[in-house]
Enquirer: 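For reference, the structure I am asking about is given below.
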Amino acid sequence: MSSIGIFDSGVGGLTVLGALRRRLPGESYVYLGDTARLPYGTKSAATVQRSAVNAAAHLAGHGLKLLIVACNTASSYALDAVARASSVPVVGVVEPGAGAAVATGARRIGVIGTEGTIRSGAYQSAIADLDPEIEVEAVACPLLVPLAEEGWGDHPVTDQVARHYLTPLLQWGAETVILGCTHYPLLLPSLNRVAGSKVSFVDSASAVATTVMSDHSELIDTSSGAVGDVHIELTDASDRFLRITREILGAEPEHLEVVDIEGVA
């Protein structure tokens with residue numbers, strides 16, 4: 001049976017896998033975390049494109065029916081390149097996240113993400129395409145991914161860093177803030193504590209699951225009562241990444257291996 005492939009630069013994309021599996025437990029999934037080349041967010045556009053196309057080519061060997069680019073930076077810089085090289089439909093995280101934010105009715109939307117995602121202007125463009133009257137402010141948050149990878153989603157240090165990044169958006173009057181990195185849902189305890197009730201956060205991982213079900217319903221099977229397999233691959237498996245993987249999935253990974261994707265084309 002064909003699988004749904006998902007890749008990210010690290011373990012953050014497991015939030016997308018988790019959202020999909022909750023909605024579509026009968027599907028089989030192959031997840032690739034390119035942890036040896038983490039992070040994508042500080043790399044140049046050309047480097048991100050090469051890494052993303054390389055990761056997608058590796059996953060294609062598993063026999064996919066759908067590919068999800070679960071990295072916001074890769075979705076911002078490399079989605080078209082990946083789609084051109086792929087024989088199956090490709091879904092990014094930017095457009096679903098932007099659509100979910102616009103659907104809240106907010107007139108001022110904030111975006112937090114990696115340096116690469118914010119520099120690309122991808123969310124700003126996606127929101128403008130949907131409603132050019134919406135005001136958008138975007139803030140690069142380079143310290144948040146390391147905190148998520150460290151497992152500090154509910155920690156005083158994360159509170160301090162989150163306050164530094166969110167304060168300008170709160171003072172500006174953001175009503176909704178897009179979590180423009182799939183690592184960021186792991187930080188929601190701290191983010192919510194800092195923001196209080198002033199803003200709502202949009203999780204692009206959940207938005208991707210909704211998009212898959214609505215836009216690619218012909219590829220998925222919602223009738224099966226079986227539970228599909230989950231195969232996880234990492235390009236580097238440190239103890240820290242394995243621990244976070246277990247925490248996100250809520251269980252020991254069923255199939256996990258370290259792979260070398262260098263040279264895959």
Enquirer: Any Lys/Arg nitrogen of Asp236 or Arg37 sitting under 4.0 Å from an Asp/Glu carboxylate oxygen of the other?
Expert: no

Enquirer: Could you tell me which non-hydrogen atom of Ala83 sits nearest to which non-hydrogen atom of Val90, and how far apart they are?
Expert: CA-CG2, 3.9 Å

Enquirer: Do you know the tightest heavy-atom contact between Tyr31 and Gly12?
Expert: OH-N, 4.1 Å

Enquirer: Grab the two heavy atoms, one from Thr176 and one from Ala101, that are nearest each other, plus how far apart they are.
Expert: CG2-CB, 4.3 Å

Enquirer: For salt bridge (charged side-chain N to carboxylate O under 4.0 Å, His left out), just list the numbers for Arg193 and Asp154, CA-CA rounded to whole Å, side-chain angles, deciding distance to a tenth of an Å, and then say yes or no.
Expert: CA-CA 9 Å; Arg193 189 158 48 242; Asp154 188 1; 2.7 Å; yes

Enquirer: Could you walk me through whether Ser120 and Thr117 satisfy the side-chain hydrogen bond (donor to acceptor under 3.5 Å, both in side chains) test, starting with their C-alpha distance in whole Å, then the side-chain angles of each, then the deciding distance to 0.1 Å, before giving a yes or no?
Expert: CA-CA 5 Å; Ser120 75; Thr117 297; 5.7 Å; no

Enquirer: Can you find a side-chain donor-acceptor pair between Glu233 and His255 that sits under 3.5 Å?
Expert: no

Enquirer: Please report, to 0.1 Å, the donor-acceptor pairs under 3.5 Å made by any side chain of residues 133-153, with sequence neighbours excluded.
Expert:
{"from": "Glu135", "atom 1": "OE2", "to": "Arg108", "atom 2": "NE", "distance (Å)": "3.4"}
{"from": "Glu149", "atom 1": "OE2", "to": "His183", "atom 2": "NE2", "distance (Å)": "2.5"}
{"from": "Glu150", "atom 1": "OE1", "to": "Arg240", "atom 2": "NH1", "distance (Å)": "3.0"}

Enquirer: Using the rule that Ile, Leu, Val, Met, Phe, Trp and Tyr join whenever any side-chain heavy atoms are under 4.5 Å apart, tell me whether Val94 and Tyr184 fall into a single cluster.
Expert: no

Enquirer: When Val199 is tested against each of Leu169, Asn192, Val177 for side chain to side chain contact (heavy atoms under 4.5 Å, CB included), which residue passes?
Expert: Val177

Enquirer: Using atom types as modelled and distance alone, determine if a side-chain donor or acceptor of Arg21 lies under 3.5 Å from a backbone N or O of Gly26.
Expert: no

Enquirer: What are the two closest non-hydrogen atoms of Ile6 and Ala70, and how far apart are they?
Expert: CG2-CB, 3.6 Å

Enquirer: Start with the C-alpha gap between Ser28 and Asp229, add the side-chain angles, then the distance that decides, and say whether side-chain hydrogen bond (donor to acceptor under 3.5 Å, both in side chains) holds.
Expert: CA-CA 5 Å; Ser28 293; Asp229 291 332; 4.9 Å; no

Enquirer: Which atoms form the tightest heavy-atom contact between Ala56 and Val82, and what is the distance?
Expert: CB-CG1, 3.8 Å

Enquirer: With the side chain counted from C-beta on, respond yes when Leu66 and Val212 share a heavy-atom pair under 4.5 Å apart, and no when they do not.
Expert: yes

Enquirer: Do the side-chain N and O atoms of Ser9 and Asp34 include a donor-acceptor pair separated by under 3.5 angstrom?
Expert: no

Enquirer: What heavy-atom pair brings Ala207 and Pro96 nearest, and what distance separates the two atoms?
Expert: CB-O, 3.4 Å

Enquirer: Do Leu59 and Val69 belong together in a cluster built from hydrophobic side chains that touch within less than 4.5 Å?
Expert: yes

Enquirer: Give the C-alpha distance, both sets of side-chain angles, the deciding distance and a yes or no for side-chain hydrogen bond (donor to acceptor under 3.5 Å, both in side chains) between Tyr123 and Asn72.
Expert: CA-CA 10 Å; Tyr123 274 103; Asn72 279 266; 2.4 Å; yes

Enquirer: Is there a side-chain contact between Lys65 and Ser3, using heavy atoms and a 4.5 Å cut-off?
Expert: no

Enquirer: Flag the pair Asp203 / Ser206 as yes when at least one side-chain heavy-atom distance between them is below 4.5 Å, and no otherwise.
Expert: yes

Enquirer: Please lay out, stage by stage, how Ser76 and Thr73 fare under the test side-chain hydrogen bond (donor to acceptor under 3.5 Å, both in side chains).
Expert: CA-CA 5 Å; Ser76 300; Thr73 305; over 6 Å; no

